Structure formats: C-alpha cells, structure tokens
Protein chains: 4
Amino acid sequence: VHDLCVHAAFEAKMKIGFIGLGHMGQGMASNLMRSGHTLVVYNRTRDKAQKLVEQGAISASTPAQAAEGVDVVFTMLADDDAVEWAVLGDEGILASLRHEAVHVSASTISPALSARLARIHADSGVAYVAATVLGRPEAAEKGELVVVAAGPKPAIERCRPLFDAIGRETRFAGEDPAGANAIKLGVNFVMATVLEALGEAYALVEEYGIDDRTFLDVLNGLFQSPVIEAYGAKIADESFDPAGFRLKLGAKDVRLFVEAGEAHAVPMPIASVLRDRFVAAIAQGKEKLDWAAVGRESTRPAA
Amino acid sequence: VHDLCVHAAFEAKMKIGFIGLGHMGQGMASNLMRSGHTLVVYNRTRDKAQKLVEQGAISASTPAQAAEGVDVVFTMLADDDAVEWAVLGDEGILASLRHEAVHVSASTISPALSARLARIHADSGVAYVAATVLGRPEAAEKGELVVVAAGPKPAIERCRPLFDAIGRETRFAGEDPAGANAIKLGVNFVMATVLEALGEAYALVEEYGIDDRTFLDVLNGLFQSPVIEAYGAKIADESFDPAGFRLKLGAKDVRLFVEAGEAHAVPMPIASVLRDRFVAAIAQGKEKLDWAAVGRESTRPAA
Amino acid sequence: VHDLCVHAAFEAKMKIGFIGLGHMGQGMASNLMRSGHTLVVYNRTRDKAQKLVEQGAISASTPAQAAEGVDVVFTMLADDDAVEWAVLGDEGILASLRHEAVHVSASTISPALSARLARIHADSGVAYVAATVLGRPEAAEKGELVVVAAGPKPAIERCRPLFDAIGRETRFAGEDPAGANAIKLGVNFVMATVLEALGEAYALVEEYGIDDRTFLDVLNGLFQSPVIEAYGAKIADESFDPAGFRLKLGAKDVRLFVEAGEAHAVPMPIASVLRDRFVAAIAQGKEKLDWAAVGRESTRPAA
Amino acid sequence: VHDLCVHAAFEAKMKIGFIGLGHMGQGMASNLMRSGHTLVVYNRTRDKAQKLVEQGAISASTPAQAAEGVDVVFTMLADDDAVEWAVLGDEGILASLRHEAVHVSASTISPALSARLARIHADSGVAYVAATVLGRPEAAEKGELVVVAAGPKPAIERCRPLFDAIGRETRFAGEDPAGANAIKLGVNFVMATVLEALGEAYALVEEYGIDDRTFLDVLNGLFQSPVIEAYGAKIADESFDPAGFRLKLGAKDVRLFVEAGEAHAVPMPIASVLRDRFVAAIAQGKEKLDWAAVGRESTRPAA
C-alpha cells in the first residue's frame, strides 16, 4: 500500500453529486462542502437532505439529476440493490453522467457488483472508483475516515483532494475496484469475528465467576487495540442501543464476505458459522441493535 | 481487576521449587534466581535443567524432591496429565510439600483440574494458587509476562515478589483458582480466533488480487494492535517454523476452552469450529509449527 | 399431503412446450411424448434436442417459440439465472404464452424466485405451478419420479395427467408455489447432510480399524433406507464419476437452502457448515463429481 | 461383517454377572435369565434390581461380588466414569473375576477406554469383549437388539448364545474391542445428525407455509427408513417426554465421537457443530428430554 502522496499544486474546486445521506453519507458530504466544493445531494427520503441544503447544497430529485454535469459523483448506500437502482436504474446516475466524470462508489457492496459496475462504466466511458471507507459515523463527521481506493489511477488521483476531505488517510488498493470492496468486507469480517469471540469468551469466564470487565482488562493488556477495548466494553455493558453500526448491516457484510468466497471457491468455516450467528440474532429481533449484540446472541440462547 | 499494590516492607528471599523447564519455565525460573531466591529445579528430561544448575540452581530427581522444604513450588507443565502426575503422583509435590507452603500452578490447564487441585490442596493444608502467565518465551526470559493470579489472598500476597520477578504486571482474578485458568483459556481462544479469521480474510482478498500485506496494513490502521500486527505478518509470510507457540499446544488450549464450556453448558459455535480447524491442521502434520499456521490450514485445503 | 386422486374421465392430449433437456429433462420430455402429447422442445445447446426430434418432437429456436400456442410449458433448467432468462427474457416464454396456459416450473430454484415468478405470471394471466421432482435421471427416464406440486389447484388438476406421465406419485404441497421449492431444497439438504455425516463417520471408524462397509452394514441394519445404502456404498467405494447428480448442483441447492433460511431469519448451523464443505470440495476441483464426493472431501483434507 | 453363524452343538447354561440395570440393562438381563442362565445382578441404586430378583436373580452388593465365580460378566453403564469405577475400582469386577471368565462391555464408552480396558484385562488374564448394542429399550426388552461385538474370537464364540438371547443379530467387528465402540459412536452420530437436519429442514419449510408432516411424507417417500419416519414424527409432534434416549446421553455420545476423532486427528466439521447444538439444548434445560429435542433447539432459539 502506498499512500497517495503526490499533492497537486492547485486544487480546483469541483461540482460533486452525492447519493445517499445516511449516518455515514451526511458526514462525508458535509466535509466535502466544507472543503469548498459544490454539492448536489440526493436521498430517497428527502428530509435527510435538509441539513445539507441549509449549508448550501443543491437538492436533486433523482440520482440522475444529482449526477448531471458534475465532476465526481459519490454513492454511499446501504446495499447492492440500492446501488444498482441508483446507478443503473432509469433515473440512475449513468443516465446523466458525462464522459470525463468519475463515479466514486463508497458503499460496502459485493466485489461482484463492483466488478460489474466497473465494466459497465468502462463501456460508458465513465471512470469507476471503489473507495470504501473505514470508520464509524463520528469519524465520518470529523473527516477522519480511512479511505481504501481502487480503480484507474488517474481517476483516483483526481479524487485525492476529496478523499483528503473525508478521511485522515487514503490507501491505494490496486486498479481493480473489486479489491477495495474485498478489503472492506475482510476488515468487517475480522471485526465481527472478534465480537462473537468476545461473547463466547465472556460466557465462559462468567461461569467461573469472572466478570467480563476483569477478563477484558487482561485481554486489553495483550491486544492493546482501541477497537477491541471499545467493543469489549460495549458487549460487557450490553449497550447496543442506539446502534453505531446496525446488526442488520453487519449481517449483510458477513453474508457478502461468504458469498464472495463462494464465488471463488474459498472455504470459510468460521465465516460460515459467523453468518449463521447473525441470522440467529436477527431471528431474535436484534437487527436494529448495534452489531456487537451478536456477541450476546451467541452465548445466551436461553435468555 | 486490582493490581496487587500493597508492597511488603521487607522481601524475604525464599526457597523455591520449580517443576517444568520448557520454553516458558526456563525464563521464569531464571528470573526467580536473578531476584535472589534459591531454586530447586526439576524437569523430566534432565538436561534442560543444566543451564539453571550452572547458574546455581539445585537439581532434583523427582517433583517431590523439588518441593521438599520449599516455601513455594511452581509448576509450569504442558498439560493436565503432566500436572496431575507431578502433583498427585507417587513422587508428586504433594507427597513432600510442608503445610505452610504455596503451590503456584502456572500451567495452562483446565479449570476443572484447577478446581480439583484446590480442593485436594486444601485438604492437605497447602495453599493452591493458579497464576497463569500471558506472553511468549521472550517475555518470560525478560521477566515481562502478565500474571493472572487467583486463589487465597494471603498466599497470593506472599507470592507477589515472585510474580514481580517473572512479570511486568500481576492481575488478581478472585479467590477461586479456576478463574485464572478460565481467563487464560479465554484469552488464547480470542487469539486463536483472530488467527483463523486472518487466514480466511487473506484467502478471500487474495482472490481479488489483494496481497495479504496490503490487507493487513488496512486492518492494522483500524485495530492498532501489536498482537494482530505480529501474527498478521507471521501468517502473511508463512513463517511458522520455529514455533513461538506450538500448534499442538494451541489445539489443546482451544479444546480445554470448549470442554470448560461444555462442563457448564455454554454453547460456543465459533470455538467448536475453531477446535476442528486445529484438528485439521494436525491432520496435515502441522502440530510442531507455530499455532498461527492454523490460519493457512483453513484456507488452503487443496494446497 | 393428499395424493391427487380425482381422475379425469377423459384425458385430452395436449400441446406441450419443454425447455431444458438435461439429464432429467430428456427423460421427462420423452415420457410426456410417450403418453401421446405433442412436444415442442428447446435446449440452449440444440443437439440435445436431436433424440427427441427423432421421436417426433418439434424443435424450437427460442423459449418463446417453444411456448407459443401450447397448453402447458415445462421448464427444467439448472438454476435461477437460467430460469429467469428462459421465462422473463426477451425471448422468454412469457413473451408468447397464451392466457389460459400453465407454466410448470420443475427446476430446483429458490423459493424467492418461484414467489416472484408466481406474481409476474398472475399479472400476465398465466397459471404458474411449481412442480419439483425427486429422483435421479434413471427414475426420470422410467417415469418414476415423485412430483411435489404447489400452485393454483385447477392448474395442478389440469396437469395431473402430465405428472402421472413423468412420475409414480404426485404430492400436493399447497397453493403457494414457493412451498414446493422449499420442500425440494429441504429434501436435498437432509440428503447432503447424510452424505457428509457418512463421510465423517467413515473417517472415524477407519482410524479404529473398521472398514467402511462393515460400518455401513451396521448402519443399514438400523436405517433400512435404500438411499443411505446406495450413497453409503458410493462413498465407501469412492465411485463418484460419472456423477448421478453433480456436486456443483448439490452445492447450489445447499446454498439456496441457506439463503432461503436467511431470507426468513432461520438459523441453520449444520446447513451453514455443510455449505462450506461443498465450497471446499469445489476448491479441490470436484465440482463435476457426484455430490456424494462431499463425504470424502470433508474427511481427507491431507489426501 | 460376518454374522456369527457357527452354532454350538451344546449350549451350557452359565453363571452371569450383570452390572447396570438401567432402561437397557433391565431388558438385557431379563432375557439372559429367560434363556436359562443364572444371574447375579448389581445396580448402584439397589431397588432397580428388585424386579429381577423376584424373577430369580441373585442380588450383589458390589460389582466385585457380582463378578465372583461367574463365567461372563456384563457391564451396561452410563459412561466412562461409571465403567471405570465398576471395573477398576476397589470393589470392581477385576478384583474378583476368575481367569477364564469373559467381561462383556456393552456400554457406549470411548474407544480409548475400551482399548485401555482391553490391555488391563489381558494383563489380568481375563478376556475383554466390547459388545455394543443398537436399539431402544423396547428392543432390549424383546431381545431384538443388534449386537456389534469385537474382541478375541474364542471369547466372542463363547458368548454367542448370550448375544442371541439379547439380540436378533450379532455383527463381528474385528479383534480390537475399540472398533465396536467406534461403530456405535458412528451410528449414533449419523442418527444425531439426521435429528438436527430434520429440525433445520422443518424450520425452513414452515416459513414457506409447509407443515412438518407434509415435508416428512415427501422425505419418507425417498428415504423409506423406519428410523427417519419415527424420529421425523417425534420432532414434528415435539413428543420428547418421556425420553426413549435422553438428550444428555446423546450429547455424551456425540462428544465421545468428536473426542475419538481428535485423538486420531480426524477433522469433523459437522460433528463439531452438532456437539455444540447438544450443549445449547442442555443450556436450555432439555437434558432429560428425548435426544430428538436437539432438532427443535437448533431452530427455535427465540422460542
């Protein structure tokens, strides 16, 4: 991984379309505006655009409209279906995006869809960059995401100032956009595995009279990871509501990871079982809780 | 967890028995001597005692002999069977240990055996402390282990200077010795899960043209854990030989974790599958490699 | 389940379209012709239609053409994508099927696609019946399949003589076509689980000096199932080539089963792991072997 | 497998010790008496011996007493610990068994213990035969068990009339007693897997409006197995109380199967997960229900 370090001497202000103003999208769009770019925003439920419009963004009524005449259009949506609709639909961005424009696909989607979109964009003469983002909504708000970008290098270079606006660091992950999506899914899989492992470990030590925090302290002494510290505490305290990242979305990511593996005949025993744990958690009505709740699902079937 | 912070005004030098001079035991015994205590050491294969004897330790020909007349006896052995033999056998330490002595059980053994030993020791009027240690052989050598101690508080207090000699930090995990063993197994389980998860993630991203190090860099940016950094690199480079911690021992720990769960009716889906991955790795002749090799086993069945 | 026992006094000969002439389709179409019906057949690779054409079938060059003017059209294709293409594509059967016609969907597809097709057909005024078939190619050839039919009762009644022509028994599984697909996936899942279980049991007893056949004999004495007898022998003898039912198709069915569960938040720990075993078998290049080969994959990772 | 078909010209009546009068043992001992043999019986809770004593059996107060002077002694106990106690304990059968006697070990125990007992018996000049039995308590009562016998051939031949008295069929499984135990564990594992698979399949089809019996009928049409018919109905009706075979014992058998595999480095992904399902069922307080209840545990975590 090479950080993209060649700074442009002159950073032109751009016109940017932004599709998808959820928890993450809000912060990202806001930081792009703060950097001086002009934003045209679209969200299916329009009231979510309100705050940005008050800050100066233009509101579009379709993805196509948000992409019309822009230099770059971002999509930051929930899943493959939403992205397909917003990109390839009758009023999708490909219907209006001009040739020299770049589509920055920041959603956590399947590598398969990313690869397909890359082909379709190439046929339309539009650059497609997958730029997945790591971090929670607070990091999005502060412009402290980690951006993992893959796609044609010139397009990524053009977008570099935008990545700098939303993140604290940009990683280049090759020219194949699907790679960025695979990395994102892999990262989320490792995190989800840790959530479940923490839950199983807590369940065990509790039976021997050890409280979760005592165990977590020892574990933290070893791992020294702020991620494990934060999630370990969340599971110990069962503070799953409100969700930082919804269990339902976590379930989707683990599913995409398993499916991406299946597409390439990669056996994944742990991931396969982990996927089932998320299904079990959803079966218990926990889809709106923080995904760390999977750690309690697994170990307390008898509630 | 409270660090044991009540320092004794006067630290008497003790006579200490030490049973088990493997990778970890060597370093621990050596540091105890360095602190000025007198050591009587025992190891089944006697040549492993040679180095310590040259440094001034007395060599014993049975565990019982190593425990005779000592203030404290440590056991640091491979598994439940070895500990049972060294403690309860005809020439075991309980045959010679005097009443006011303390047995510090540092091996990674089952909570069940620890609980049983606690009962037997209590019947014999000997204090039993489980003091499991976290860290690799290098940490043992440098006296930088983390000690997780559980058992009767006065006995633990008496041993505090010894824990300080072998570790950089001591955690008190309650009066029930089995708790310290449960914590140790839980920690090793979480680590083993991460090994397997890293392996599955690598296998997936490789299929999308991403090399392991690129993925690991992104992951490290998130987790910021030296443990994940080190093991992530180990798996990426497949540098499993020589082993820091043998896969066979890792397999044993995951098995003990699962069995401890079963003893208390704790379902553990991930741990159950993880246990099977270690069995599969052993089936491929990898028991002497570093346990991180489990991360490659899982994902390369076709080799 | 009620067998469909109301026999029509007069069985009119029909004009039937048949899409998909693989191992199963060949036998089914052949038996329909033998019962006196007129067949228009379509297969993507046209030479597979040759034999039926020689027996008097009309060859069509598109699915739409095969469905034009017929009373009933059968689809018997490999997977969801193939069915979607043959039904909803530009030259799909819905483009030509007349209102009073019935589409009999015999392929093993996802309940989700079946439900979607049912809605689309209803909108087009065409009856949609899911009639999944149980049995191997030889049973298809002999007209001895078991037909599990679900959909509008009048449409099923109209097709009853056709089901009698291809099968030895027809089960009615309700008015919701997706139910028939769920049953088929469930049956294949139970069978696949038995394959894997046999493999794991063989692997264990072999280690204790028991040969597979000795174990199988004991098992057969208990289960007395021709299915277990036949597959048990197949796995014992490793006679996986040629395939009766390809591992790749079995993998697909287990995947569809797991996905159908996920769609309704049904946790399925065994199915989840089983799915991974099929992926592992494919990773070893076994996709063209009989699906019973999954029983050897699981237990011989080191070959 | 060869049935033992060489019939003795003259069948001497024997003096037989019988240790363990649970559901299975009662019927077996009763049938041995009915064949004209003299029985000395022992059970830890003595009132279970009452019925047999009324029929003419002699009551012993220790295993050793029950084994004194007998030609053959049977053990039919719950688990490894009970067998160890009854055989090797201070008042165990080895303390009194005469040299030419045979110990028929009918309990479902680990192959490891069986192998160890074989060695110890050989040292004591006593023949050790593992004769595991397949069938439910009703079959034991009717003398219709299937006996799987392994051990020294002459000893098995001597016991043949006894096996004929308790079973409808005897299978010879080699000269290594552990083989008979491995077969028994393998058979129970396959059955347990089917229970769980049925449960997962039911859970899925129910979501698509199919009731369990409809699905089971289709499955029965394919498998034609009385075992699957009976258990399929049991799970469909959730008639788990009273237990034919307790879930706790089933859990033990699956655990022994997994442990036997681990001892020989045999990976067993399905068995590993199945073991966890039994633990989960026990966690929900179902250990006294019929083991078929595992089929409902897995699929109804939210109750």
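Each chain gets a letter, A, B and so on, in the order the sequences are listed, and its residues count up from 1. What you see is a predicted model, and the numbers here were worked out from it, not measured in a lab.
- The line from CZ of A/R168 to CG of A/L134 is 9.0 Å long, rounded to the nearest 0.5 Å.
- For chain A, the nearby part of B/I210 is the side chain; its heavy atoms alone come within less than 4.5 Å.
- Interface remark: A/Y202 contributes no atoms to any contact with chain B (heavy atom separation under 4.5 Å).
- Taking every heavy atom of both residues into account, B/I166 and B/M28 meet most closely at CG2-O, 3.6 Å.
- Here A/T108 contributes atom OG1 and A/M76 contributes atom CE; the two are 6.0 Å apart, rounded to the nearest 0.5 Å.
- In terms of heavy-atom pairs under 4.5 angstrom with chain B, the leader among A/G221, A/A115, A/P226 is A/P226.
- Looking at B/V148, only its side chain comes within 4.5 Å of chain A, counting heavy atoms on both sides.
- Using a 4.5 Å cut-off between heavy atoms, B/F189 contacts chain A through its side chain alone, with no backbone atom that close.
- Shown here for A/V254 and A/A192, the closest heavy-atom pair between the two residues is CG2-CB, 4.0 Å.
- Most heavy-atom pairs under 4.5 Å with chain B: of the set A/V194, A/V187, A/T193, A/D211, this distinction falls to A/V187.
- Your options are A/V227, A/L274, A/L204, and the one with the most heavy-atom pairs under 4.5 Å with chain B is A/L204.
- In plain terms, the two heavy atoms of A/A118 and A/P177 that are nearest each other are CB-CG, 4.0 Å.
- Minimum heavy-atom separation, B/Y208 to A/P111: CE2-CB, 3.3 Å.
- Of all the listed residues (B/I228, B/V146, B/L222), the one sharing the greatest number of non-hydrogen pairs under 4.5 Å with chain A is B/L222.
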